[in-house]
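Just so we're on the same page: letters track the sequence lines, and every chain starts at 1. All heavy atoms count here, side chains included; hydrogens, waters and symmetry mates do not. These numbers were taken from a predicted model, which means no experiment stands behind them.
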Amino acid sequence: MQQFLAQWMPIDVSAHGYQIDRIIGMVHWLMAVLFVGWALYFIYVLYRFRAGKNPKASYQGAKSHFSSYVEVGVAALEAVLLIGFAIPAWSSWVTTPAADERPFEVRVVGEQYAWNVHYPGPDGVFGRAEAALVDTATNPLGIDRSDPYAQDDVTTINQLHVPVDREVIVYLSSKDVIHGFFLPQLRVKQDAIPGMRIPVHFRATQTTPEESRFPACSAEKNCWEIACAQLCGLGHFRMRGFYTVHSQAEFEAWMNEQVASLPSYQTRLAGLMAGSSSDSSPSALPDSPTLSSDGETPAGGTQ
Amino acid sequence: MSFSEKREEGVSEHDSEVPEAPEGLSEPPDRGAAEAHGAHHQEGFLRKYIFSIDHKVIGLQYGLTALLFMLFGFCLMLLMRWQLAFPGQPIPVIGGLLGNANAPGGVMLPEFYNQLGAMHGTIMVFLGVVPLVVGAFGNYFVPLQIGAPDMAFPKLNMMSYWVYFVGGVIMFVSFFLPGGAANSGWTSYPPLSNIATMGQTAWLLGMVFLITSSLLGSINIITTIIQLRAEGLTYMRMPFFIWSQFVTSFLLLLAFPPLEAAGVMQLMDRLAGTSFFMPSGLVVSGQVLEGAGGGSPLLWQHLFWFLAHPEVYVLILPAMGIVAEVIANNTRKPLWGYKAMVYASVWLGFMSFIVWAHHMFLTGMGTVMSAFFQTTTMIISIPSVVILTALLISLWGGSIRFNTPMLFALAFLPMFGIGGLTGLPLGLAPSDIHLHDTYYVIGHFHYVVAPGTIFAIFAGIYFWFPKFTGRRMSESLGKIHFWGSFIFMNGVFGPMFLQGLAGVSRRLYDGGVQYSHAQDVVQFNQFMSYSAFLLLIAQLPFIFNFFWSMRMGEKVGNNPWQATTLDWAATSSPPLGHGNFAEVPVVWRGPYEYSVPGHEEDFLPQNVATPAPQEG
Amino acid sequence: MEIPYNVEERPDTGLYNGKLGIWLFLASEVMLFGGLFSSYILLRTGDPNWFKPELSVPMATLNTMVLISSSVTMVMAWASLRLQDFKKFRLFSAATFLLACAFMVIKGFEYNTEFSHHLYPSSNNFMATYFTMTGLHGLHVLGGMVVIAYLWGPGSRMWKTEPERFTNRVEITGLYWHFVDLVWIFLFPALYLL
Amino acid sequence: MTAHSPEDIRKETRVYIFVFIALAALTVVTVGISYLDLSTGPAVALALFVALIKGSLVAAFFMHLLSERKLIYAVLVFTVFFFLALIFLPLGSFLNQVAG
Ligand code: HEA
Ligand code: HEA
Ligand code: CUA
Ligand SMILES: [Cu+2]
């Protein structure tokens, strides 16, 4: 069944995706068995008890209690699916990885109609961001560049880059209305709700093939995209972004390049960059001051 | 008092000066005063057909208005289906009539697409199906099937129709406001809806009217069922249709008010500048929004789905009721497991209040609450299985007549089966991660509402048409209608599951053509849209049949289907005024005593006294 | 054919139609105000910057007393009818109406003070909740006043023709009125005291 | 209501007066409590408790629920259940929110 459905589903390149696909497969088994079973019975009954052939109905009707077994069976299978698979899968889906798994953290902020991505940069700490500083053209995230933590922060629009084989936490929020952050191949979907900061996490198991990378990919078939799942206005249909899964080395190279092109960074933090060659994007300290103040501000919009 | 006298008295007009309190503290008409005025023998046309307080006229008013709205909702969808199949191409023939604000050069704008989508959903649900199944079928047949002269509160009944009508007019007119109709989906999630155009205000006002109307209607139906049942009609002798209306009315009564509260709050947000649903620090098109902030968008979702989940059972329960009636009649045997069906429907109604957040799994719900809502969602699927199973097993041993109402009722079973079963992967939160807000959801619920509920409505119309009019609808046209609808409904909705599995989002103006992950399945859109257009063509025989049969259909007696329930004991096209029955019926037995052993005819009506009345 | 059980009670339920109808209506009202209370609780727990300006507790206390008194006069009006004392009914229901007027006037003064302190629904979420809830409650009071006035005036003609039916109407109106009072009993601590 | 003698009804009216006095007294009590500087938890609990008593008095006597028919109770039991769902399930979801 899973293979059968997989014909239409996007490939799965995430560590947790098999749980989702497995549940989808199992439920569809249950559905298929029920449907086909009842449908066969249904057709048979319609044929056998048509008025032409069976002019006199039976007052009693069916006497068997087979149907009760079916009902109990359905209930039992649903219970198994629920307790055995769905609840544990959900629990792992919402449990953000602990700091010792060195999750890579990134903020994604939806806006009508684009995905803003905010990387903490080599220091691993998100700089301060504030609604009042937002400037659509130059500073869509409202990052306060005077904050020391913000100096090395990298931002992109509609481009999400993540390392492979590493837990990634995306802190989702939105500037204006509710959007739906959807990465089909990673089996990730989560509403981006203004005023809230919702973490989603995943671990990509494959790097994006060259032909599926923006801008090399052809729109026809081969892009790995960020789709918007939630109606967010007239541009909802074109709120399309791209994501790329890199190998660790490739990712670092990409990040360094981005950091290097930051104007503030070139002047002030050149020294720090020198020491960040091998494995220097340290995981964010969860208790770092900026981050927790982030969490406390209800002004979720643009932090 | 002779029967004709009773008729006149019932429709006489009187105490029109009674002010109706806005909360619906209305009272039944004051007959004493009428007699004091001297009976008005020539009650005016207005009183008889427009501001009628007769449940049958009101039922027909509801029915016709709602059918027209449904057709309108369908036409909105056809425009959308054109755009989905041929994105960016001018709409043929009527494209030019839509106006430059909506479709310059006949090419639909995304703004307009969103208006059509939101209004299609709203109109189908609140102006089409609910008024049909509750307002029309409920009003017409609840009193008839329980042997009552009318609803318990006839004036309230009239008010409920007119409040509905006003709500409908507001919704319709909103298309002509600057910025057009509401465009934030039928779910109207803020903050999008808070910052939307004026149409949203109209939508909210319209909803307040529609909710009020349902509320008045439900008070009436519940009171009628409890208080006006004929002698001998115990609860367990009520037709399943009555049970379904009974449970449905409780859902309307208790689930709708929270959305009314939410509607008032959203109106306040839009008109008085409050921030119930607006968090602080929103930046819309580069501008920081003024306002107090601190509100919560999720609050709306909770209040909305608190209504809207029970609402979907409002759509399906009466449909199941209609199907049960038709199946019992056309298998010529009692329903199998009637009691189980009754308990299941009560259980369904009860549970439907505590599953709502399965629409909100992806709003950041933790494990505990998601486990709760997944569990309740799985539990609520069981009573549906029980009811469907009972209906399916009822076929066993029957002598099945395949007339048009029966065909629609039979088709309901597997179609609802598909729709219901595809609810299961949505109800398990992990699989909902992939399927949420995709066409899989659209497919799921259309299978339950369109080839499900709409088929049940068609079954009901064909089945009860002789009761409205004294004539039968044409069978051959009916069969064309059935097969056309059956095939094309599946053509529209079947491929949606594949699109959903591929991850195509819903509410996409271009149907997703830009997305790579949609490429394998977007080409289905043309096939689906052609099916939808053909579906419209398949309705033409029905529309023709409907009006033609009113005048020219085969004349039939009171009980053309040899049925057992009390509605068939009333004269066909029963007299207006509070008086449905020539003599007050007394009930002797359960609702579906077909093919009773030892009885020579194959049906034994509820009101016919036999030598030894048996326990029901 | 008459609609049965309009005035007399149906034996198996022990109710006449109107009474069942009004209780159903009140049940739906519970859910309406329930939605608002639920929102209030959520907004308040969810907002760390929740701010509640001082409202006039004395005025609200006075209003609570006024509304409670009007409930008593309402129930006394009904009791008078059951004792066949139409004069007293008139007296008590006039008192009810006047007390309701007093409630609305005091409420008006309160609103006025709030406006003069530049407190509007848009000021913050507390004021928004406050105005929405008290406003909706006020509309209910107003609706009740219309009915009470009608039953005091033109509607009371029915006492001569159908006394029992009239008594039922008053009972139903009373049930509604007490419910409005009951809502206030919860609004008062929720909005003014906590 | 039919079976009530005038004597009964007069008795009832006396009860109404007592209830009125109780309500007035409880109003004073709630206001009084609000001037005690209690912390939020106890303050809310206490205020709601008093309001609940007052509400019950109104419902039981003025709305004569005490002597009402079973059917009405049934309607109200359902309503109370759904009311509680309406209050507590959204609250539960808010408290069980994934946050980061
Ligand atoms: C009438 C309407 C109706 C009905 C009855 C249902 C019934 C069910 N619905 Fe559906 N639902 C909707 C209307 C309906 N729904 C709508 C309108 C939406 C979308 C709203 C929006 O977002 O716009 C929705 C969305 C929706 C979601 C949210 C999806 C999402 O947004 O991600 C979920 C999730 O749990 C869900 C679940 C269910 C379940 C478990 C049932 C169960 O009750 C189903 C139980 C039934 C069965 C299990 C079938 C049993 C039958 C057989 C076994 C017999 C087979 C017979 C033959 C073969 C002859 N529904
Ligand atoms: C009861 C509810 C209901 C019904 C019946 C329907 C019926 C149909 N719906 Fe709809 N639909 C919704 C409720 C409903 N829908 C909702 C809630 C949404 C979501 C909106 C949102 O996103 O916010 C939606 C969205 C929706 C979409 C997705 C749009 C998008 O996401 O962008 C599509 C796409 O194809 C669609 C198609 C159809 C079609 C082809 C029908 C057909 O089945 C219609 C068939 C209609 C008929 C057969 C009626 C015929 C009428 C007559 C014959 C009357 C005759 C008149 C007289 C005799 C006077 N619907
Ligand atoms: Cu953003 Cu849809
Ligand atoms: Cu639902």
Side-chain angles (χ1 to χ4, degrees), chain B residues 6 10 17-19 21-25 27-28 30-33 36 148-154 156 215 218-220 222-223 226-228 253-262 264-265 268-269 272-276 280 291-296 299 302-303 306 577-581 584, chain C residues 1-6 10 13 15-18 20-22 24-25 27-36 38-39 42-43 46-51 120-125 127-129 131-132 135-136 139-140 142-144 146-147 150 154-155 157-158 161-162 165 168-169 172-173 176:
Chain B
K6 287 175 192 158
E17 78 279 73
V18 178
E23 296 78 17
L25 263 183
E27 305 246 284
D30 169 355
R31 228 155 274 97
D150 201 323
M151 286 291 213
F153 311 113
L156 202 65
L215 226 122
S218 61
I219 292 176
N220 223 332
I222 297 174
T223 311
I226 293 182
Q227 292 281 96
L228 305 189
L253 183 78
L254 298 178
F256 275 41
L259 185 66
E260 192 143 7
V264 169
M265 282 155 62
M268 291 286 284
D269 271 6
T274 58
S275 304
F276 287 116
S280 317
S296 161
L299 174 57
H302 281 292
L303 294 175
F306 188 89
H578 310 301
N580 288 322
F581 299 91
V584 184
Chain C
M1 220 196 298
E2 282 288 337
I3 294 172
Y5 314 117
N6 237 338
R10 180 176 163 114
T13 59
L15 297 167
Y16 57 92
N17 297 344
L20 180 56
I22 195 75
L24 290 170
F25 174 68
S28 86
E29 292 280 89
V30 169
M31 298 308 281
L32 177 71
F33 283 101
L36 291 172
S38 183
S39 309
L42 278 189
L43 289 172
D47 186 353
N49 302 329
W50 186 261
F51 170 69
Y120 301 105
S122 55
S123 301
N124 56 49
N125 271 337
M127 290 318 285
T129 323
F131 278 109
T132 309
L136 214 61
L139 282 180
H140 279 77
L142 219 60
V146 172
V147 178
Y150 169 75
R157 262 178 292 160
M158 191 193 264
T161 53
E162 291 174 283
R165 181 141 187 224
N168 285 350
R169 286 194 169 184
I172 290 179
T173 312
Y176 169 76

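- Inter-residue side-chain proximity for B:Pro149 and C:Pro4 is flagged as met; some heavy-atom pair is nearer than 4.5 Å.
- Within the 4.5 angstrom heavy-atom criterion, only side-chain atoms of B:Phe306, from C-beta onward, approach chain C.
- With sequence neighbours excluded, the residues satisfying side-chain hydrogen bond (donor to acceptor under 3.5 Å, both in side chains) with B:Asp269 are B:Asn194, B:Thr274.
- Considering only heavy atoms from C-beta on, B:Leu253 stays 4.5 Å or farther from C:Phe25 through its side chain.
- Per-residue heavy-atom pair counts under 4.5 Å with chain C were compared for B:Asn220, B:Leu303, B:Val264, B:Leu299, and the maximum is reached by B:Leu299.
- One distance of note links CG of C:Leu24 with CD1 of B:Ile219; it measures 6.0 Å at 0.5 Å rounding.
- When each of C:Thr129, C:Leu136, C:Asn125 is checked for heavy-atom pairs under 4.5 Å with chain B, C:Asn125 comes out on top.
- Across every non-hydrogen atom of C:Ser122 and B:Ala292, the tightest pair is O-CB, 3.6 Å.
- Note that CG of C:Asp47 is 6.5 Å distant from OG of B:Ser280, once rounded to the nearest 0.5 Å.
- The two residues B:Ile226 and C:Arg10 make their nearest non-hydrogen contact at O-NE, 3.7 Å.
- Contacts between C:Ser123 and chain B at a heavy-atom distance below 4.5 Å involve the backbone alone (N, CA, C, O).
- The CD1 atom of C:Ile3 sits 9.0 Å away from the CZ atom of B:Phe153 when rounded to the nearest 0.5 Å.
- Remark: B:Met265 CE to C:Leu36 CG distance equals 6.5 Å, nearest 0.5 Å.
- Minimum heavy-atom separation, B:Phe276 to C:Thr132: CZ-OG1, 3.4 Å.
- Interface remark: of the candidates C:Gly34, C:Ala128, C:Ala27, C:Ala128 forms the most heavy-atom pairs closer than 4.5 Å to chain B.
- Every side-chain hydrogen bond (donor to acceptor under 3.5 Å, both in side chains) that B:Gln227 has, sequence neighbours left out, goes to C:Thr13, C:Asn17.
- For the atom pair CE of C:Met31 and CG of B:Leu215, the computed distance is 11.0 Å after rounding to the nearest 0.5 Å.
- We find the OG1-OH distance between B:Thr223 and C:Tyr16 to be 12.0 Å, quoted to the nearest 0.5 Å.
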